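Structure, as structure tokens:
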Protein chains: 2
Amino acid sequence: MNPTGASAAERLMAAGRRLTAQRIIVADALLRSRRTVTAQELFERLRRRHPFLGRATVFRTLDMLVDAGLARRFERAGQAGAYVACEPNHHHHLVCRCCGASTEIDDEEVAVLVEAVRARHGFVLDHDALDFRGLCRRCETARPAG
Amino acid sequence: MNPTGASAAERLMAAGRRLTAQRIIVADALLRSRRTVTAQELFERLRRRHPFLGRATVFRTLDMLVDAGLARRFERAGQAGAYVACEPNHHHHLVCRCCGASTEIDDEEVAVLVEAVRARHGFVLDHDALDFRGLCRRCETARPAG
DNA sequence: GTGGTTGCAAAGGTTTTGCATGTGC
DNA sequence: GCACATGCAAAACCTTTGCAACCAC
């Protein structure tokens, strides 16, 4: 998913981050992935072509991307954290717990929910608490029992 | 929060789980906590009075409680998983990222959101994806910059 | 009695860190 | 040139597991 067409390097620069070969490699790989990936997956996938890439750098870069708003990290019980690239003006994600597919949504109902919770409970929802796990249509159809 | 007044032992029994001293101790401590607690916190807190309690047992018991629907576990980036007790007929939680306070909610807007996402994207949200992190009124007031 | 439960310690997996080296700006 | 980024390996951290002893039902 790369609707704006901005390259990884362009995004890093736009975010005011220092450009390095490693960062471009990691950000680019993340950008090209339609599904969530773990730091380890990315590390193993990239080290083939880029043997000089260190594991810690992958973790640090992903962390930096999340900090810059260019990626988001999902926590999964008992599993490694999963990362997805964010569009600069993105809203929320739907992430399939089965296949890892990620869809960006911008539904009014989310905003309605945020306002309702604030009004009723005085509770301000975190922006990134509104990324949702579930089953995508394909996986739901393939295995209705979940 | 213990509105139904059911004791830990009663809940375990009602859930068809085997009663042991350790399980009652852990479930009771979780039930008495208004805030989320980690397995390690619970272990350290309880070992003072119950030196015979093992760390693995705390993990296993919390896991069992989640499985039985009597507790829920929240994943937190870079931190240990945090547990809260659930009311048997509870719906969703609001968990403060600052103080860990947990509130149970049953808002129509959540159901509206679930339906909208299903209708528009064919995506079925996980029930426990609808536990929300954010800032409670008290913490929001205390530190508006959050 | 039997199968589930426990405690311990060790292993497993993920992520972070220290430090010397390298490099973008 | 200087501050920041990197690689490596070790450490830290959370959680799970193997196994013998134990206990609820």
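All of these numbers come straight from a predicted model, not from anything done at the bench. In what follows, every chain begins at residue 1, and chains take the letters A, B, ... in the order their sequences are listed.
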First and last nucleotide of DNA chain C touching chain B, 5' to 3', heavy-atom cut-off 4.0 Å?
-> C:dG3 to C:dC8
B:Arg137 with B:Glu140: basic N within carboxylate O range, under 4.0 Å = no
Please determine if B:Glu87 and B:Arg11 form a salt bridge, counting it only when a charged side-chain N lies under 4.0 Å from a carboxylate O.
-> yes
Contact check, residues 35-50 of chain B vs DNA chain C, heavy-atom distance under 4.0 Å, returns none
Within residues 13-22 of chain A, those residues having any heavy atom closer than 4.0 Å to DNA chain C are A:Arg18, A:Leu19
Protein N or O to nucleotides 17-20 of chain D N or O, pairs below 3.5 Å:
none

Tell me, with the steps shown, if B:Asp106 and B:His92 meet side chain to side chain contact (heavy atoms under 4.5 Å, CB included).
-> CA-CA 6 Å; B:Asp106 174 21; B:His92 310 292; 5.8 Å; no
In whole angstroms, how far is the [atom2] atom of [N] from the [atom1] atom of [X]?
| X | N | atom1 | atom2 | value |
| --- | --- | --- | --- | --- |
| B:Glu75 | D:dT15 | CD | C1' | 11 Å |
| B:Arg23 | D:dA24 | CZ | P | 11 Å |
| A:Met64 | D:dA3 | CE | C1' | 16 Å |
| B:Leu62 | D:dT16 | CG | C1' | 14 Å |
| A:Phe59 | D:dA11 | CZ | P | 18 Å |

What does the inter-axis angle of the helix from C:dG1-D:dC25 to C:dC25-D:dG1 come out as, five pairs per end, nearest 10 degrees?
-> 50°
Taking ring-ring contact (aromatic ring centres under 6.0 Å, His included) as the test, write out the residues that go with B:Phe74, two or more places apart.
-> B:His93
With a 3.5 Å cut-off and no angle check, do the side chains of B:His91 and B:Asp107 form a donor-acceptor pair?
-> no
B:Leu135, B:Leu94: one ILVMFWY side-chain cluster at the under-4.5 Å cut-off?
-> no
